[in-house]
Amino acid sequence: MASLDAPTIKVLSVDGGGIRGIVPAVILSEIQKRLTRELSQTFDLIAGTSTGGIIALGLGTLCNNGKPYTPDQLLNLYLQNGSAIFKKTWLTPVRQLLMPKYSPDGLQVTLTRFFQATEFCTAQTPLLISSYNLQKQLPFFFKSHLIAARPDYNWKVTDIARATSAAPTFFPPFHLTRGSDDYALVDGGVFVNNPSMAAYVEARLLYPEAARVVVVSVGTGDRQDAITYAQAHKWGLIGWAKQIVPVLMDSVSEAVDFELTTLPECTYYRLQVTDLPLAAGKMDNVAPDNLATLQTLTKNYLAAQAPLLAQICAELKPGRGSDMPGIGRPPAVCRSAP
């Protein structure tokens with residue numbers, strides 16, 4: 001049992017959702033403005049999946065000329081590069097029948113420009129980034145806090161971002177090698193699109209004396225995507241191919257919501273824009289009007305949830321609850337940029 005003076009540990013978790021990463025970027029921008037402190041100095045652990053993994057890496061590493069990116073800068077990543085990442089041509093409808101819908105080139109170029117040569121060991125607080133290893137059929141988590149004891153856990157941030165965002169049917173798997181290690185990695189959203197539970201467990205392992213864990217879980221919008229029996233009952237491989245990824249991701253996220261609300265030593269806050277229109281719910285809708293819609297819907301949500309946001313920020317105001325030597329502090333030999 002934790003002692004009476006044990007700390008309250010604060011965890012940030014960010015969902016996957018492609019271009020809908022705009023939603024958590026806007027939410028986190030409002031939180032950081034209210035706290036007047038970098039989020040890496042507020043949370044004892046930051047977790048992310050897919051687009052949420054990119055956000056977590058941007059917030060948590062020294063990838064922006066020796067400092068983290070702000071949520072507003074991460075928002076601009078989506079606004080300025082979305083059309084290059086999800087680049088459609090007249091061949092796209094045919095291409096997606098036989099291979100991944102998009103070439104990874106636009107994503108790779110964007111991530112390389114954004115993160116440069118930054119290494120994972122520059123993490124300013126423990127980071128947990130999810131992926132899935134096809135070769136072993138097992139989850140694969142990138143954990144920055146293991147680097148001190150396991151230098152081989154240090155990777156280029158660009159590679160981690162590419163691995164966590166390799167959404168099946170959208171992009172090909174990412175091939176990551178080091179020595180005899182060989183990984184075929186895809187988007188962690190196939191098993192943990194909302195990484196809040198994984199983040200909670202990791203926080204408990206990192207901070208076993210914590211009296212309480214506060215989890216702030218930021219979603220990428222709840223889609224209006226009900227599938228009727230009439231629509232689905234005759235689907236085969238082709239019919240399910242376009243639906244199975246979002247169905248899996250949504251169901252996993254909602255299960256986590258239920259699980260974390262039942263834990264007595266966990267305070268779980270879920271920030272989720274509800275009822276996204278069908279067009280806005282797509283992971284790859286980079287039309288200018290949709291980018292504007294996602295921002296507007298999120299700002300309206302924040303206005304409607306002002307009391308909840310004030311409560312969350314009051315919990316976060318004291319900053320990190322931990323002061324554990326070696327955790328969240330990058331090694332002396334570590335690069336943030338070339």
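Keep in mind the model is a prediction, meaning the values are calculated, not measured.
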Asks: What distance separates Lys282 NZ from Ile19 CD1, expressed to the nearest 0.5 Å?
Replies: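 Nearest 0.5 Å value for the NZ-CD1 distance: 14.0 Å.
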Asks: We want to know whether Glu259 and Tyr200 form a side-chain donor-acceptor pair, criterion being a heavy-atom distance below 3.5 angstrom.
Replies: no
Asks: Tell me whether Lys88 at atom NZ has more than 12 heavy atoms from other residues, nucleotides or ligands lying less than 6.0 Å away.
Replies: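 Yes, enclosed.
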Asks: On a heavy-atom basis, which atom in Val192 and which in Thr49 lie closest, and how many Å separate them?
Replies: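 Looks like O-OG1, 2.8 Å.
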Asks: Taking Thr61's backbone N and O only, do any of them form a donor-acceptor pair with Gln124's side chain (distance below 3.5 Å, no angle check)?
Replies: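 Absent.
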Asks: As an exercise, state the distance from CD1 of Ile147 to CZ of Phe142, rounded to the nearest 0.5 Å.
Replies: 11.0 Å
Asks: Does a side-chain N-to-carboxylate-O contact under 4.0 Å join Lys101 and Asp284?
Replies: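 Answer for the salt bridge query: yes.
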Asks: Applying side chain to side chain donor-acceptor pair (under 3.5 Å), run through Asn154 and Glu119 and close with a yes or a no.
Replies: CA-CA 7 Å; Asn154 187 31; Glu119 296 180 1; 3.1 Å; yes
Asks: If you measure from NE2 on His175 to CG on Asp159, what distance do you get to the nearest 0.5 Å?
Replies: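 Going from NE2 on His175 over to CG on Asp159, the span is 11.5 Å.
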Asks: To check you understand the geometry: which heavy-atom pair defines the closest contact between Ser50 and Asp187, and what is its length?
Replies: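 The answer is OG-OD2, 2.7 Å.
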Asks: If you apply the rule side-chain contact (heavy atoms from CB on, under 4.5 Å), what do you find for Leu206 with Asp44, and how did you get there?
Replies: CA-CA 9 Å; Leu206 267 175; Asp44 300 277; over 6 Å; no
Asks: To the nearest 0.5 Å, what is the distance between CG (Leu271) and CG (Leu302)?
Replies: 8.0 Å
Asks: side-chain contact (heavy atoms from CB on, under 4.5 Å) for Leu59 and Val14? Distances and angles first, verdict last.
Replies: CA-CA 11 Å; Leu59 294 174; Val14 189; 5.5 Å; no
Asks: Quick check for you: to the nearest 0.5 Å, what is the distance between Ile31 atom CD1 and Arg37 atom CZ?
Replies: 12.5 Å
Asks: Please list every donor-acceptor pair under 3.5 Å in which a side-chain atom of residues 77-87 meets a protein atom from a residue at least two apart or in another chain.
Replies:
from  : atom 1 : to     : atom 2 : distance (Å)
Tyr78 : OH     : Thr51  : O      : 3.2
Tyr78 : OH     : Thr51  : OG1    : 2.4
Asn81 : OD1    : Arg113 : NH2    : 2.4
Asn81 : ND2    : Leu77  : O      : 3.0

Asks: Flag the pair Glu38 and Lys67 as a salt bridge only when some basic side-chain nitrogen lies within less than 4.0 angstrom of an acidic carboxylate oxygen.
Replies: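 Answer for the salt bridge query: no.
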Asks: At what distance, to the nearest 0.5 angstrom, does CG of Leu74 lie from CG of Leu28?
Replies: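 One finds 8.5 Å between CG of Leu74 and CG of Leu28.
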Asks: Is there a donor-acceptor pair under 3.5 Å between the side chain of Gln295 and the backbone N or O of Leu291?
Replies: yes
Asks: Apply side-chain hydrogen bond (donor to acceptor under 3.5 Å, both in side chains) to Asp72 and list each qualifying residue two or more places apart in sequence or on a separate chain.
Replies: Ser29
Asks: Search all heavy atoms of Arg178 against all heavy atoms of Tyr153 and return the closest pair with its distance.
Replies: NH1-N, 4.3 Å
Asks: I would like to know whether Ile160 and Leu127 meet side-chain contact (heavy atoms from CB on, under 4.5 Å); could you show each step before the answer?
Replies: CA-CA 11 Å; Ile160 299 173; Leu127 300 179; over 6 Å; no
Asks: Could you check whether Thr220 and Asp15, counting side-chain N and O atoms only, form a donor-acceptor pair closer than 3.5 Å?
Replies: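 Side-chain D/A pair, Asp15 to Thr220: absent.
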Asks: List the steps and the verdict of side-chain contact (heavy atoms from CB on, under 4.5 Å) for Arg320 and Lys10.
Replies: CA-CA 6 Å; Arg320 291 177 180 165; Lys10 303 169 184 73; over 6 Å; no
Asks: Is any side-chain heavy atom of Tyr301 less than 4.5 Å from a side-chain heavy atom of Thr274?
Replies: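 No - every pair of side-chain heavy atoms lies 4.5 Å or more apart.
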Asks: Listed by chain and number, what are the ring pair (Phe, Tyr, Trp, His ring centres under 6.0 Å) partners of Phe114, not counting sequence neighbours?
Replies: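 Expected list: Tyr69.
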Asks: Of the non-hydrogen atoms in Ile55 and Gly21, which two are nearest, and what is the gap between them?
Replies: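 Residues Ile55 and Gly21, closest heavy atoms: CD1-O, 3.6 Å.
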Asks: Given Cys266, which partner from the list Thr261, Ile9, Val214, Leu260 fulfils the side chain to side chain contact (heavy atoms under 4.5 Å, CB included) test?
Replies: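 When side chain to side chain contact (heavy atoms under 4.5 Å, CB included) is applied between Cys266 and each of Thr261, Ile9, Val214, Leu260, only Leu260 qualifies.
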Asks: Parallel, tilted or perpendicular: which one describes the rings of Phe141 and Phe191, with boundaries at 30° and 60°?
Replies: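 Perpendicular: the ring planes of Phe141 and Phe191 meet at over 60°.
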Asks: Can you name the closest pair of heavy atoms from Ala161 and Ser165 and give their distance?
Replies: O-OG, 2.7 Å
